[in-house]
Amino acid sequence: MSGQIDIGIIGAGNITSTVHLPIISCIPGVKAKYVADIRDPSRVSWQYGAAGITIGADLGILPECDAVLLAVPVGARADYMREFSSRKTPILSEKPFAVNLKSHLDYLKSAGKVSCNYMRTCYSNTVQAGLIISSSVFGELESALVSEGGIVSRTGKEMGHYQMNPLLSGGGILMERGCHSLSQIVQIFDGHKFEVEHASAVYQNGLDVDVDAEISVSGKNNLDLEYRLSLIKPVENISRFTFEKAEVSFNHTVPDSPIEVRPRGKRAAFKFQPGTSWAMSSTQAFFLKWKNFLDSVRGLSEINPEKETSLDTTRIIEGIYRTSGRR
Amino acid sequence: MREYTVLPEGDNLKIGVLGANGQIGTELCILLRKAGAEVIPVVRNEIGAAFLRHSKFECRVAEVASPDGAKNALRGIDVVVVSAYEMDIWGTSRKSFAANRAIIRNSVEFSSPGAVIIYFSTIRAFSGRVDEKTPMLGIPKSYDFEKRSLERILVRECMAGNRRGYALRLGHVFGTDTSKARNITQAIVGRKEVDVQVEPERLSNAVHIQTIMQAILACAKKNQAGGVYTLVNVPQWTWREVLEYYNAGSKINFVCREMPKKNLFSGILLSLLPLLKTLKSVYFFARIFLPEEIDVLVKVKSNLYNVRKEIDSIEVAEKPFCTHEFFYRPAPGPFLNGLTETRKLLEKYPPENSLRVKD
């Protein structure tokens with residue numbers, strides 16, 4: 001496909017107005033054709049020269065476009081997936097991709113080109129960690145720990161925010177933040193298989209607020225990965241990989257966090273600065289995700305839908321919810 | 001002197017903390033409960049309540065900026081602590097300012113008759129009088145301006161509503177896991193020797209959450225006149241005392257660099273600098289008309305600014321630890337009477353392990 005790519009955007013919330021619309025407006029040859037929402041989106045759409053459409057019951061009124069961004073809560077996404085899959089419109093969905101494994105597989109079956117905005121997979125340190133692991137430069141990988149969260153502080157979210165409603169959000173911290181770190185784990189251990197061996201969770205009003213899981217990783221490397229997420233305990237944001245010869249760690253929530261390498265048995269560590277060919281900021285990560293997606297829309301590259309939508313992430317999330325006894 | 005309803009003594013005191021999931025609010029709730037009060041955390045959403053519920057608090061989820069929310073949140077509460085503060089990613093906006101005004105108004109209107117209202121202001125309300133880096137002339141910082149306005153609203157509303165109201169201008173707040181405490185511990189803990197760029201005997205304006213807790217109880221229990229008070233540690237700690245409190249065996253060297261003396265001209269220039277930046281393109285055009293002396297002066301100042309910025313961004317091992325708070329003057333009063341020495345409070349109520357990241 002040559003010429004301008006018209007993007008339809010479903011959802012006029014914060015992520016659309018602060019991230020996606022600005023990024024789209026910076027990509028040559030791409031234009032936001034419309035922004036649609038169940039509430040009047042014109043306040044957001046006019047700023048980028050896009051039409052504003054208030055969505056009613058009939059999704060058929062949504063105009064044809066070359067690709068669509070679904071930036072609505074995961075629990076409200078099914079109808080839009082169906083609509084645009086039936087039109088064979090390439091879809092870039094916000095994360096998490098689906099509420100459960102069955103929905104994820106159903107979407108993949110019916111959709112054409114589809115991707116999900118797991119933008120942290122473009123973070124420089126995440127890409128570099130994957131290279132360190134695949135190269136085995138520090139010897140055999142013995143264990144890994146990934147933790148994220150910390151005692152919840154100001155959220156900046158109002159009372160009726162969709163994240164407070166498990167039907168819309170799909171869950172609590174595991175869906176909202178866990179899907180990101182899990183997508184990074186899946187990226188780092190590309191080509192490996194994952195099995196949730198053990199999981200426990202604390203729930204409040206249907207939202208998981210603390211998750212502790214052991215995930216067995218098998219393939220070129222075989223190990224048990226400790227996974228912790230919490231809003232109620234003071235956990236660190238850290239990914240730590242213990243190799244035969246060194247311990248490698250970094251803050252996977254920060255795009256340009258340096259990678260610290262500590263030789264085993266030594267106190268002193270040295271730091272690698274992130275490479276500049278990958279994302280060093282979240283804006284850059286969003287942009288790279290869009291670039292990959294648009295390259296596939298233009299036919300310049302092929303994307304693997306299972307990998308792009310991180311099917312393994314959904315598998316792991318479902319495994320954790322099932323093993324921890326979520327109803 | 002106005003007559004106020006005297007509140008229940010001791011353990012019968014019901015204290016509502018608005019914005020309880022904030023950095024201050026969380027630890028404050030824990031400390032107030034330890035001191036014997038019945039604490040009701042008020043947060044805006046379910047996720048915000050997660051840790052407090054886990055710590056066995058009965059939280060109320062309500063939007064206090066709305067009348068219905070305030071009615072729900074404040075029923076039966078003797079002391080309303082307004083730790084909540086609305087802002088957006090850039091700080092103060094028209095929308096957030098309106099919300100903050102509403103929080104204070106609703107806190108007074110919908111609180112029980114005789115309730116005490118305690119609002120957390122900040123020593124930033126003193127603006128250039130305490131912060132050497134804030135010019136006395138020129139456009140005020142919106143945050144400083146907002147805080148002063150909110151204090152005035154509190155005093156006015158409390159007088160009209162016959163409530164005892166206190167605006168506490170908090171100094172730099174230190175708690176188990178507050179950003180200021182983390183900043184200092186990250187800089188000094190684990191290092192054999194560290195240079196710190198501060199006059200050691202300079203008064204720090206530090207206030208530990210333990211002292212804030214005690215101030216709240218003092219305001220609630222004693223018939224002290226309402227009004228605006230500065231709240232810092234008792235007695236005021238020097239920076240030496242603050243750093244030694246967090247020190248875990250490092251050798252601290254105090255190094256001082258003289259702050260450049262500000263005169264009226266440099267003060268005006270500093271205030272106009274943000275405006276000058278936005279008029280950059282106009283200036284570059286105007287250069288062809290401006291006298292050379294002005295052009296040279298602007299070039300020198302601009303070059304100095306850029307050089308300083310570049311140097312500051314280098315991480316050099318010898319660079320001393322320095323933070324903006326080191327350049328504050330001691331905050332003036334008035335101060336609350338009769339507060340216990342902060343050190344004694346810290347011994348009685350040591351830092352909260354449940355808030356600490358474990359190694």
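Since this is a predicted model, take the numbers as computed values, not measurements. Chain letters run A, B, ... following the sequence lines, proteins first and then strands; every chain starts at 1.
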Just how far is it from atom [atom1] of [X] to atom [atom2] of [Y], taken to the nearest 0.5 Å?
X        : Y        : atom1 : atom2 : answer
B:Phe51  : A:Ile151 : CZ    : CD1   : 4.0 Å
A:Lys233 : B:Ser354 : NZ    : OG    : 12.0 Å
B:Ile24  : A:Ser153 : CD1   : OG    : 10.0 Å

Which portion of A:Leu231 sits near chain B, non-hydrogen atoms under 4.5 angstrom: both
- request: Let me know if B:Ala62 has heavy atoms under 4.5 Å from chain A in its side chain, its backbone, both or neither.
  value: backbone
task: Would you mind checking which part of B:Ala20 comes under 4.5 Å of any heavy atom in chain A, side chain (CB onward), backbone (N, CA, C, O), both or neither?
output: neither
Greater than 12 external heavy atoms within 6.0 Å of [X]'s [atom1]:
X        : atom1 : answer
B:Phe145 : CZ    : no
A:Arg43  : CZ    : no
A:Gln47  : CD    : yes
B:Lys34  : NZ    : yes

query: Can you tell which of A:Val209, A:Val202, A:Asn205 makes a side chain to side chain contact (heavy atoms under 4.5 Å, CB included) with B:Arg53?
result: A:Asn205
field: Qualifying residue, where the test is side chain to side chain contact (heavy atoms under 4.5 Å, CB included) with A:Arg154 and the options are B:Arg44, B:Met87, B:Glu86, B:Gln23
entry: B:Met87
- request: Check whether any side-chain heavy atom of A:Lys157 lies under 4.5 Å from a side-chain heavy atom of B:Ile47, and answer yes or no.
  value: no
- request: Determine the minimum heavy-atom distance between A:Gln204 and B:Ala50, stating which atoms define it.
  value: NE2-O, 2.8 Å
Heavy-atom pair of closest approach, residues A:Ile232 and B:His54: CD1-ND1, 3.3 Å
query: Between the side chains of B:Asn45 and A:Thr155, does any donor sit under 3.5 Å from an acceptor?
result: yes
message: Closer than 3.5 angstrom, by distance alone: can the side chain of B:Glu46 be matched with the main-chain N or O of A:Met164 as a donor-acceptor pair?
response: no
